[in-house]
K.L.:
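Sharing a structure here in structure tokens format.
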Amino acid sequence: MSHYRAADIEAKWQEAWDAAQVFRAERSGDRPKYYVLEMFPYPSGRIHMGHVRNYTMGDMIARHKLATGHNVLHPMGWDAFGMPAENAAMASGGHPRDWTYGNIADMRGQMKPLGLSIDWSREFATCDPEYYGQQQALFLDFLEKGLVYRRNAVVNWDPVDMTVLANEQVIDGKGWRSGAEVERRELTQWFFHISDFAGELLDALDGLENWPAKVRLMQENWIGKSRGLQFAFERTDGGEIEVYTTRPDTLMGASFVGISPDHPLARELARTRPDVAAFRAQCAKGGTTEEALEKAEKLGFDTGLRVRHPLDPNWELPVWIANFILMDYGTGAIFGCPAHDQRDLDFCRKYDLPVIDTFVALDDPSPVSDTAFVPPKDRQVCWIDHFTGIETATGQEAIDATIDFAEAHGWGKGVTKYRLRDWGLSRQRYWGCPIPVVHCDACGVVPERKENLPILLPYDEDGTPIDFAIPGNPLDRHPSWRDCACPACGKPARRETDTMDTFVDSSWYFARFTAPRATTPTDLDAAGYWMNVDQYIGGIEHAILHLLYSRFFARAMHICGHLPQTAIEPFDALFTQGMVTHAIYVTRDGSGRPVYHFPEDVEVHESGARLGATGEEVQIVPSAKMSKSKKNVVDPTTIIAQYGADTARWFVLSDSPPERDVEWTAAGAEAAHKHLSRVYRLVCEIAGSSDAGTPEADETLLREMHKTVHEVSGGVESFGFNAAIARLYAFTNTLAKSPAGAAAKRQAATALVQLMAPMTPHLSEELWALLGHEGLVATAPWPVADTAMLASDTITLPVQVNGKRRAEISVPRDMGQAEVEKAALANDAVIRSLDGAQPRKVIVVPGRIVNVVV
RNA sequence: GCCCAAGUGGCGGAAUGGUAGACGCAGGGGAUUCAAAAUCCCCCGCCUUCACGGGCGUGAGAGUUCGAAUCUCUCCUUGGGCACCA
């Protein structure tokens, strides 16, 4: 008998799988198809433990489905466009293309030793011209169907570097390189019409039963359906201001009308009035994120204009410009009701506007001081209505009554609005998919001809080097690429130099995997066969944007004939897995600044941690997301070299529930490896044994085996991976201690090896062969539990007295309730605990528990 | 600021209305060994008790229930997202 040597075993079986083409996905009629997909990685340079966890989970599903008779598609690719490649080129020279493909080669090399059941023949990167060319074709189809359009929108503008910044490049309102205060500036940009699909994307969430409820809720809130009243305030100087409100019931408490700094009226005023222009400029400071806007100090400017209240022409309200009103939502104008909205109240107190608090109140009305009273929509409020005649109603009834009233009198109408905004896809960067249009002075915006696709990113073919050293989009500075002939009239024209948001790349890759070499974006036959993705797995950080964009894209692709109707919800089931974390090791330098250390440089003892080199004491910050800057990273390649892939796979699955974060610990990895070694030894021993056992011992072991098969199968199917592994630990203990005979033990060991195969595929193949089985365990049929072997004849019931456990009784499984009650009351411990008191009630939950209530 | 989630021994966690702490790590004791590594066996929430037992206990506080880690409300802490990070 030899030792468990992962290195020898793993390479051998990976070659065997390759040779047998086990994971090659081919369409075939006789087995049901199963498409399992993990969110594809960004090629940052090295794979990390988060990737290992993500792909191991997907691999488990894929291997389990293969063993249960499915035709499995399990592909892998690269989300390869994006800022880091351009930043790398800016920081250290080189070209984003070389950097990216180099990283892909490195990461593929790191991933293959994991032994994933991937069909590598379908691999692609989104920066492959074959992929982004098809994406350009999709764009043109979308354009033709009116799914894409152009309009102005704001971006973060760095006034020193003269460039557009991504949100993550804005630190505390300042540009990350220049340090200059960022401004909001308008550019003409391309948008997808996703808001046209808001209602449908919302309604269809109900059908996504195999998505986590929290993800559906987050999407629901993001889409943000609301019903409210839209109406116009008449300006005293002529004209009107259209507003939208979800709380029309508070109209009698209005103090002012507010408009966005980007509202057409504010723009118009700014043209002639320097004070308005100055205020608008002040509002344009800072970044574009919703968080920045919400947290910014609330600023207001009195335009001097006035409007009439719709219910009382003598009641005039001032018109203010306020920085917290978003032009993108509603009509870009509101009425402010300080008594019933906290933000409006703060605003009115700040600018000394009146607070009218006599309209809606609780049964015990008290004047509004610093806290607004928001009438609850679902609760009855005391209602003093000036025009509908309703005196008491729930908040919702009051809202509906007000809308009805406005419609009946013809000054407003009930409308449904969504918070969801159209998806801006233009990026002023090089390393992305070029938008295939041309700007012509004569013809305007002209789509490229499809036969000219792909519009390739320039490398340096014509001697005009791409310069990444200066900020801004290199495509703008590349005349030989930018200048072209108009596809319509042939006169000199300019290419669009904006590229697409990388979310576009990841919004249809799952469809492309079904026919990755097709000369059209998809092959309808292949997509019809393989779609939908049966199980999608990825991080919770993608719960909203990526998943919503993909749902939109599937619908848009269907409209253009690239996906069947059945694929408009592309992901049947979704699982969101947690991160891999690791302790951070910190020391302080002379001035108290933190200095981080790699785990391999630190010796951890019971009493604390010290630097291996100097013995300096190290502070341990537990459980933080692995990041290069904090040096709390563990390289999967190192772990595989030390213990093998099966150990890494076993550990990331075993230590935490998959939806939660898992902390990587050296001790945990060590323990996982010890356990696999133990299984190896145990199975070797069983394979060589010829001991006789008793029929009783054999039956006990086989009963345990069937229970284990049942529970582990259930765990694998329901993402209870850590509980499944705990069950496998327990069964290994049972098997090791069992006095059963060699034949029964071999049967039990075979089941153990098969149940472990999706998690530790190499070890399982080795032991499968060692136990004398033919073929590969990867393709062997999954074991099935014999239900007759799952139940035993007697059961143990806990007995509670007043909800506290006092005794256990052992009774036949099928004993009647009355007899169970009698047995419980006859128990010594129960009698002692009752201490002579008469039971008032005895609750018997069959097969579960007995509770005696005194 | 807004939306979503999580919180259980020294640690990771199990139990989704029915025996809280399965399984693993760390720790303690023992066997084996010249010794060690490796391996194997036993113990292991806290307080109390010689022991049997008893009390307390799932972030904090309230509530529903015969019974709550699990359901409801309020609060605290941590994590994810907030539309140009991927």
Side-chain angles (χ1 to χ4, degrees), chain A residues 3 39 41-42 44 79 81-84 155-156 164-170 189 194 212-215 217-222 224 287-296 324 328 342-343 419-429 501-503 505-506 539-546 548-549 576 578-579 581 606 622-625 654-657 659-663 665 667-668 670-672 674-675 677-678 681 720 722-723 725-730 733 736-737 796-800 802-808 829 832 840-843 845 847-854:
Chain A
H3 284 103
M39 291 178 186
Y42 178 78
S44 58
D79 188 14
F81 277 132
M83 278 205 308
V155 292
N156 299 303
V164 177
L165 298 177
N167 283 337
E168 77 159 7
Q169 296 172 319
V170 179
Q189 308 196 63
I194 188 172
K214 65 173 173 181
V215 173
L217 185 59
M218 279 191 262
Q219 293 222 349
E220 184 182 328
N221 291 335
W222 186 260
T288 57
T289 66
E290 193 168 313
E291 185 188 5
L293 297 173
E294 283 289 332
K295 284 187 174 170
F324 58 83
D328 284 327
Q342 190 61 44
R343 192 177 55 187
R419 203 186 74 100
L420 181 67
R421 307 200 297 256
D422 278 336
W423 168 15
L425 68 121
S426 299
R427 296 293 180 271
Q428 295 70 41
R429 282 191 274 281
D501 179 7
T502 55
F503 270 122
D505 312 337
S506 57
I540 185 68
E541 68 273 20
H542 295 295
I544 297 177
L545 292 178
H546 163 60
L548 193 62
Y549 290 160
T576 55
M579 295 180 304
T581 65
E606 217 188 313
S623 206
K625 181 177 181 171
S654 68
D655 231 36
S656 277
E659 69 276 13
R660 242 191 271 178
D661 292 351
V662 62
E663 176 155 350
T665 60
E670 179 73 36
K674 277 186 185 176
H675 178 73
S677 304
R678 184 177 174 225
R681 274 196 315 275
N722 57 327
I725 285 186
R727 199 68 194 72
L728 288 169
Y729 269 106
N733 291 337
K737 289 176 191 173
T796 304
L797 286 183
V799 183
Q800 296 181 328
N802 283 335
K804 288 194 188 294
R805 190 182 70 90
R806 296 299 176 189
E808 272 180 6
R832 206 180 326 130
R840 283 197 290 125
K841 196 162 145 193
V842 179
I843 291 154
V845 184
R848 283 288 195 179
I849 202 167
V850 181
N851 192 7
V852 181
V853 186
V854 182

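Note that the coordinates shown come from a computational prediction; the quantities given were computed from them, not determined experimentally. The chains referred to below are lettered A, B, ... by the order of the sequence lines, with proteins before strands, and numbering in each begins at 1. All values below were derived from every heavy atom in this structure, side-chain atoms included, with hydrogens, water molecules and symmetry-related copies excluded.
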K.L.:
Can you tell me how the ring of F503(A) sits relative to the ring of Y549(A), calling it parallel under 30°, perpendicular over 60° and tilted otherwise?
P.N.:
perpendicular
K.L.:
Consider the side chain of E294(A), meaning its heavy atoms from C-beta on, and name the nucleotide among G1(B), C23(B), A20(B) that approaches it most closely.
P.N.:
G1(B)
K.L.:
Just to be sure I follow the notation: if a pair is Watson-Crick (purine N1 to pyrimidine N3 plus N6-O4 or O6-N4) or a G-U wobble (N1-O2 and O6-N3), each under 3.5 Å, what dot-bracket string does RNA chain B give, with | for pairs to another strand?
P.N.:
(((((((..(((.....[....))).(((((.......))))).((((....))))..(((((..]....))))))))))))....
K.L.:
Determine whether N802(A) and V852(A) make a side-chain contact, defined as any pair of heavy atoms from C-beta on separated by less than 4.5 Å.
P.N.:
no
K.L.:
Does the side chain of L420(A) reach to within under 4.5 Å of the side chain of I194(A), using non-hydrogen atoms?
P.N.:
yes
K.L.:
Looking only at atom P, what distance separates C44(B) and A22(B), rounded to whole Å?
P.N.:
10 Å
K.L.:
Sequence neighbours left out, what passes side-chain contact (heavy atoms from CB on, under 4.5 Å) with L797(A)? Give chain and number order.
P.N.:
I795(A), I809(A), V811(A), V820(A), V850(A)
K.L.:
Is there a side-chain contact between Q800(A) and R806(A) in this structure, where contact means two heavy atoms from C-beta onward sitting under 4.5 Å apart?
P.N.:
no
K.L.:
For A671(A), answer base if it contacts any base atom (sugar-phosphate contacts may also be present), sugar-phosphate if it contacts only those atoms, and nothing otherwise; contact means non-hydrogen atoms under 4.0 Å.
P.N.:
sugar-phosphate
K.L.:
Quick one: K804(A) NZ to G55(B) C1', roughly how many Å, whole number?
P.N.:
9 Å
K.L.:
Between protein and nucleotides 64-67 of chain B, what N or O pairs are separated by less than 3.5 Å?
P.N.:
{"unit_1": "C66(B)", "atom_1": "O2'", "unit_2": "N851(A)", "atom_2": "ND2", "d": "3.3"}
{"unit_1": "C66(B)", "atom_1": "O2", "unit_2": "N851(A)", "atom_2": "ND2", "d": "2.5"}

K.L.:
Could you tell me the separation between the CD atom of E808(A) and the P atom of G53(B), rounded to a whole number of Å?
P.N.:
12 Å
K.L.:
With a 4.5 Å cut-off on side-chain heavy atoms, are P657(A) and N722(A) touching?
P.N.:
yes
K.L.:
Rounded to whole angstrom units, what separation is found between the CG atom of D655(A) and the C1' atom of C25(B)?
P.N.:
8 Å
K.L.:
Give the minimum heavy-atom separation between T502(A) and F81(A), together with the two atoms involved.
P.N.:
CG2-O, 3.3 Å
K.L.:
Mark up nucleotides 74-86 of chain B, 5' to 3', with B wherever a protein heavy atom is under 4.0 angstrom from a base atom, S wherever such an atom reaches only the sugar-phosphate, and - elsewhere.
P.N.:
------SSBBBSB
K.L.:
Please name all residues satisfying side-chain contact (heavy atoms from CB on, under 4.5 Å) with N733(A), sequence neighbours left out, ordered by chain then number.
P.N.:
R678(A)
K.L.:
Residues two or more places apart in sequence or in another chain: which of them pass side-chain contact (heavy atoms from CB on, under 4.5 Å) with V845(A)?
P.N.:
I843(A), R848(A), I849(A)
K.L.:
Does D422(A) reach the side chain of D328(A), with side-chain heavy atoms less than 4.5 Å apart?
P.N.:
no
K.L.:
If you measure from the P atom in A35(B) to the same atom in U48(B), how many Å do you get, rounded?
P.N.:
39 Å
K.L.:
Tell me, please, which residues at least two apart from R427(A) pass salt bridge (charged side-chain N to carboxylate O under 4.0 Å, His left out).
P.N.:
D501(A)
K.L.:
Need the glycosidic conformation of G79(B): syn if within 90° of 0, anti if not. Which one?
P.N.:
anti
K.L.:
Take atom P in G13(B) and the same atom in C76(B), then report the distance between them in whole Å.
P.N.:
24 Å
K.L.:
Answer yes or no: is there a side-chain heavy-atom contact under 4.5 Å between E541(A) and M39(A)?
P.N.:
no
K.L.:
Starting at NZ of K214(A) and ending at P of C4(B), how long is that distance when rounded to a whole Å?
P.N.:
12 Å
K.L.:
Return the set of residues passing salt bridge (charged side-chain N to carboxylate O under 4.0 Å, His left out) with K841(A) (not counting sequence neighbours), or none when no residue passes.
P.N.:
none
K.L.:
Say we look at A15(B) and C71(B): how far apart would their P atoms be, to the nearest angstrom?
P.N.:
14 Å
K.L.:
Which atom names give the shortest non-hydrogen contact between H546(A) and S506(A), and what distance separates them?
P.N.:
CE1-O, 3.1 Å
K.L.:
In whole Å, I'd like the distance from the OH atom of Y729(A) to the P atom of G12(B).
P.N.:
17 Å
K.L.:
Taking only residues two or more places apart in sequence or in another chain, which ones pass salt bridge (charged side-chain N to carboxylate O under 4.0 Å, His left out) with R419(A)?
P.N.:
E290(A)
K.L.:
Which pairs, protein N/O on one side and nucleotides 14-16 of chain B N/O on the other, fall under 3.5 Å?
P.N.:
{"unit_1": "A14(B)", "atom_1": "OP1", "unit_2": "N722(A)", "atom_2": "ND2", "d": "2.9"}

K.L.:
Please measure how far the P atom in U58(B) lies from the corresponding atom in A5(B), and state the result in whole Å.
P.N.:
23 Å
K.L.:
Take atom C1' in A20(B) and the same atom in G7(B), then report the distance between them in whole Å.
P.N.:
16 Å
K.L.:
Expressed as a whole number of Å, how far does the P atom of A86(B) sit from that of U78(B)?
P.N.:
28 Å
K.L.:
Whole angstroms only, please: what is the NE2-C1' distance between H675(A) and C23(B)?
P.N.:
10 Å
K.L.:
Which residues pass the side-chain contact (heavy atoms from CB on, under 4.5 Å) test with D655(A), not counting sequence neighbours?
P.N.:
F651(A), V662(A)
K.L.:
Using atom P of each nucleotide, how far apart are A68(B) and G17(B) to the nearest Å?
P.N.:
14 Å
K.L.:
Side chains of T288(A) and N167(A) only: does a donor on one sit below 3.5 Å from an acceptor on the other?
P.N.:
yes
K.L.:
Return the value, rounded to whole Å, for the distance between atom CZ of R832(A) and atom C1' of G54(B).
P.N.:
11 Å
K.L.:
L548(A) and W222(A): which non-hydrogen atoms are nearest, and at how many Å?
P.N.:
CD2-CD1, 3.5 Å
K.L.:
What one-letter contact string describes nucleotides 38-48 of chain B from 5' to 3', where B marks a base within less than 4.0 Å of any protein heavy atom, S marks contact via sugar-phosphate atoms alone, and - marks no contact?
P.N.:
-SSSS------
K.L.:
I need the CZ-P distance between R805(A) and G57(B), as an integer number of Å.
P.N.:
17 Å
